[in-house]
*Asks:* 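Take a look at the following structure, please.
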Amino acid sequence: NAGVTQTPKFQVLKTGQSMTLQCAQDMNHEYMSWYRQDPGMGLRLIHYSVGAGITDQGEVPNGYNVSRSTTEDFPLRLLSAAPSQTSVYFCASSEPGQGSYEQYFGPGTRLTVT
Amino acid sequence: GDSVTQMEGPVTLSEEAFLTINCTYTATGYPSLFWYVQYPGEGLQLLLKATKADDKGSNKGFEATYRKETTSFHLEKGSVQVSDSAVYFCALASGAGSYQLTFGKGTKLSVIP
């Protein structure tokens with residue numbers, strides 16, 4: 001079991017460029033989510049998905065798109081990167097049927113937008 | 001809405017000192033409570049959890065008790081080690097169909113020899 005994997009680990013973008021952060025899990029979890037971590041802000045939810053074909057917005061969705069075509073994958077797209085999107089991004093998954101709502105996190109992607 | 005408040009850091013302790021990191025919450029219903037730990041350069045790992053009032057979560061010498069009357073879930077360890085240096089996050093899940101976690105802002109702990 002690889003758990004939750006994220007690629008790339010590091011990325012530098014110029015303002016206005018687009019890119020996709022990849023996230024995959026091999027635990028057959030229905031629930032997946034994206035967070036961003038900024039100093040002094042904790043983790044804030046960007047988007048989440050409760051199953052293939054179903055996504056919804058979290059606390060800070062502006063500037064990000066997601067889709068969920070398979071149970072395993074949940075990519076996060078930045079359409080036009082801005083310096084305010086410089087952050088560390090974490091993907092997480094969980095299986096609500098287990099009842100404890102524990103989430104499993106990937107290792108993160110550190111994104112810098114110049 | 002739901003919220004989590006934890007003591008601000010950074011916290012610096014000597015090895016073998018006693019650790020307390022305070023966490024209080026506001027939530028509707030009966031949330032599940034978690035402590036996550038983030039070691040330098042890594043993602044978050046679940047440290048311990050409690051799913052109902054008076055439950056005590058424990059792991060690696062850390063403990064936290066779910067106190068509904070004070071809406072608290074304070075993290076404690078009797079004797080910290082250098083290897084415990086990390087950022088600690090308190091979090092809650094409201095349950096009842098809500099799978100989202102609400103996090104506190106994190107407390108950075110540094111343990112010096």
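Within every chain, numbering begins at 1; the chains are lettered A, B, ... in the order of the sequence lines, protein sequences first and strands thereafter. Every value quoted in this text rests on a predicted model; they were computed, and no experiment measured them.
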*Asks:* Is there side-chain contact between F105(A) and Q45(B), with at least one heavy-atom pair below 4.5 Å?
*Replies:* no

*Asks:* Hey, any chance F89(B) and L33(B) share a hydrophobic cluster, counting ILVMFWY side chains that come within less than 4.5 Å of each other, even indirectly?
*Replies:* no

*Asks:* Go through the atoms of Q6(B) and report whether side chain, backbone, both or neither lie under 4.5 Å from a heavy atom of chain A.
*Replies:* neither

*Asks:* Inspect the surroundings of NZ in K105(B) and state if more than 12 heavy atoms from other residues, nucleotides or ligands are less than 6.0 Å away.
*Replies:*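 No - once you tally the heavy atoms of other residues, nucleotides and ligands closer than 6.0 Å, there are 12 at most.
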
*Asks:* Around atom NZ of K68(B), are there more than 12 heavy atoms from other residues, nucleotides or ligands closer than 6.0 Å?
*Replies:* yes

*Asks:* Return the option, out of Q37(A), R110(A), E59(A), M41(A), with the maximum number of heavy-atom pairs under 4.5 Å with chain B.
*Replies:*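 If we count pairs closer than 4.5 Å to chain B, Q37(A) comes out on top.
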
*Asks:* Is it the side chain or the backbone of L44(B) that comes within 4.5 Å of chain A heavy atoms, both, or neither?
*Replies:* both

*Asks:* What option among S33(A), P39(A), G42(A), G108(A) has the most heavy-atom pairs under 4.5 Å with chain B?
*Replies:* G42(A)

*Asks:* Does E15(B) have more than 12 heavy atoms from other residues, nucleotides or ligands lying within 6.0 Å of its CD?
*Replies:*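 Counting neighbours around CD of E15(B), more than 12 heavy atoms of other residues, nucleotides or ligands fall under 6.0 Å, so yes.
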
*Asks:* Membership question, hydrophobic clusters at under 4.5 Å side-chain separation (ILVMFWY): are L76(A) and L13(A) in the same one?
*Replies:*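 Same cluster.
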
*Asks:* Check this for me: E8(B), atom CD, are more than 12 non-hydrogen atoms of other residues, nucleotides or ligands nearer than 6.0 Å?
*Replies:* no

*Asks:* Between Y35(A) and L101(B), does the side chain to side chain contact (heavy atoms under 4.5 Å, CB included) criterion hold? Intermediate values first, please.
*Replies:* CA-CA 10 Å; Y35(A) 295 87; L101(B) 285 177; 3.6 Å; yes

*Asks:* I'd like to know if Y64(A) and F90(A) are part of one continuous hydrophobic network [Ile/Leu/Val/Met/Phe/Trp/Tyr, side-chain heavy atoms within less than 4.5 Å].
*Replies:* no

*Asks:* Answer with side chain, backbone, both or neither: which region of L45(A) has an atom nearer than 4.5 Å to a non-hydrogen atom of chain B?
*Replies:*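 For L45(A), the side chain is the part near chain B, not the backbone.
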
*Asks:* Side chains of Y36(B) and Q103(A): closer than 4.5 Å at any heavy-atom pair?
*Replies:* yes

*Asks:* In Å and rounded to the nearest 0.5 Å, what is the CZ to OG1 distance from R44(A) to T102(B)?
*Replies:* 13.5 Å

